[in-house]
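Have a look at the structure below before the remarks.
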Protein chains: 2
Amino acid sequence: MKGGRGAGESATRRAPAASARSRATRTPRFERQLPEQRRRALIDATIVCLKRYGHDGLSIRTISAAAGVSVGLINHHFPNKDELVAAAYRHFNSELVEGMQAAVARAEGSPRARMRAFLESSFAPPNLDADVLAVWVVFWGLYRHSPLIQRVHHETYQGYVRLLRAMLADLLSGRRARAGGIDLKLAAIGLTALLDGLWLEWCLEPGTFRPAEAVALCEAWVESLVSRVAGPAD
Amino acid sequence: MKGGRGAGESATRRAPAASARSRATRTPRFERQLPEQRRRALIDATIVCLKRYGHDGLSIRTISAAAGVSVGLINHHFPNKDELVAAAYRHFNSELVEGMQAAVARAEGSPRARMRAFLESSFAPPNLDADVLAVWVVFWGLYRHSPLIQRVHHETYQGYVRLLRAMLADLLSGRRARAGGIDLKLAAIGLTALLDGLWLEWCLEPGTFRPAEAVALCEAWVESLVSRVAGPAD
DNA sequence: AGGCTTGTTGAACGAGCGTACAACAGTGCA
DNA sequence: TGCACTGTTGTACGCTCGTTCAACAAGCCT
């Protein structure tokens, strides 16, 4: 953090273009933007800083420099730093869930194909990335002592859980009532754990196994889950 | 973090005890300690602060206050803050691994019993604790940008991996060469992932399942692993 | 062309940070 | 009892932090 972050990271200053309005070609000192656009740019810059500098990247000066903007602007668009970080967390979460949902919708085949699409999307870019893990880890570190982060987490995590639950329900298509409910619930929990654990392992040490192998492991779990439900009854 | 941490968290100042050395019972302003003891106390205070305040707890003033010691003392026993944090990380890691090893050694029965002891120790206090997870998360957050933390991690993580590998090897007792090596390696990776994932899930949301259920899930995985090796060959 | 709205700037402030260091004081030994 | 050693204290320094706010200026409307 000592050696200065370097300003002007984004090309905000425009080249002097020929303007019909003034004879002397003037370079505007800044460019006004709609609040929504600027907020989005600041959120993006926050994520970039998190990837680059970890927890230390969460500073007003670092973020505003990355966004090519002055220090004061952040507090014009966000009441304080915590709200910006929470907004970034919400955005990060939403992008993940929406990406997953899109991948599943794109598959549109059997429940099994949709599950496969879900798993493959979990173990492929942009999710499967050490930088992305680093960002998550910083957010998780904030979780315990920031009610704001907690609220955002619960709001967005719901979407993820619902997606996974729905897919499992489709796979087991109504057979749920037949098998032991506890076993099923446990198996679903296990799938999430396996998925998260493998994802974590890969990000920490990408060399030890291939993404396809992770998908295979998860599919085997799902398979045993299905057969456990359908097996004794069919 | 605004409202001051409050000093005198530990009872450093002794009550005026009758001393044979001086007539006026003098209260010593501080107590000298051996470097090793003091270092240990500072490391413990660091962990306490991490649990209490998360990443914000990693400040010289917060830690020294928690240790009941002045700000200057830390730099007398540690060259700088990063070294203290790294030492705390090493201690935290070692305690985990040693606790696991002790639990396994205590079991001293069949390989299966030792594996059960390992799993039960993973899903029981003091490891299974939201505070403990919070500490891990902060350390993980430091990992990417601190070579010091990286070094400590690799040194201590080895012990954990070796323990798990040894137990798996015992369980499969020499049958390793027979089965498909890739499958086996994958299954071992899967076990780690399942274990870590379940542990994480429980710490984040303790209500959703019981520790015993997590142990059962892991044991089922190990079971399928053993039968996959022994099954086709026996 | 002039005025208005408001997005944007950048200096300034108080607080907390990690570290350095001179002074102090326990403790064991002669 | 006095001395030397060294663990311990607490102030001070330079820096970065988040936030504030008066001044500025881009862009639209009339």
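Labels below follow one simple rule: chain letters A, B, ... track the order of the sequence lines, proteins then strands, and each chain is numbered from 1.
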>> When you measure from the side-chain N and O atoms of A/Ser59 to the phosphate of D/dC17, is any distance below 4.0 Å, counting only OP1 and OP2?
In response: yes

Out of C/dT8, D/dT19, C/dT19, minimum distance to the side chain of A/Asn75 belongs to D/dT19

Exercise for the section: Under 4.0 Å between any heavy atoms, over every strand shown, what does B/Ile63 touch: base, sugar-phosphate, or nothing? Just pick one. Expected result: nothing

Review point. What orientation do A/Tyr89 and A/Trp136 show, parallel under 30°, tilted 30 to 60°, or perpendicular over 60°?
Key: perpendicular

| request: Would you kindly check whether a donor in the side chain of A/Arg61 faces an acceptor in the base of D/dG18, or vice versa, at under 3.5 angstrom? | output: yes

Classify the ring geometry of A/His153 against A/Tyr143: parallel below 30°, tilted from 30° to 60°, perpendicular beyond 60°. perpendicular

Against the side chain of B/Ile60, the closest entry in D/dT19, C/dT19, D/dT9 is C/dT19

A/Glu31 CD to D/dG27 C1', in whole Å, measures 11 Å

When rounded to whole Å, the CG to C1' distance for the pair B/Leu34 and C/dG26 reads 13 Å

Whole-Å distance, A/Asp82 CG to D/dG18 P, equals 10 Å

note: A/Arg40, atom CZ; C/dG7, atom C1'; distance rounded to Å ~ 20 Å

Separation of C/dG10 atom C1' from A/His76 atom NE2, nearest Å, is 15 Å

Rounded to whole Å, the CG-P distance (B/Leu58 to C/dG16) equals 18 Å

Once you apply a heavy-atom cut-off of 4.0 Å, does B/Leu84 come out as touching a base, just sugar-phosphate, or nothing?
nothing

Here the gap from A/Leu195 atom CG to A/Phe118 atom CZ, rounded to the nearest 0.5 Å, amounts to 6.0 Å

When rounded to the nearest 0.5 Å, the distance separating CD of B/Gln33 from CZ of B/Arg40 is 12.5 Å

ask   = When only distance counts, do a donor and an acceptor, one from the side chain of B/Arg32 and one from the base of D/dT6, lie under 3.5 Å apart?
value = yes

OG (B/Ser121) and CG (B/Leu96) are apart, to the nearest 0.5 Å, by 7.5 Å

Point to revise | Heavy-atom donor-acceptor pair, B/Arg29 side-chain to D/dT8 base, under 3.5 Å | key: no

B/Ile74 atom CD1 is separated from C/dA20 atom C1', nearest whole Å, by 14 Å

A/Glu83 CD to D/dG18 C1', in whole Å, measures 14 Å

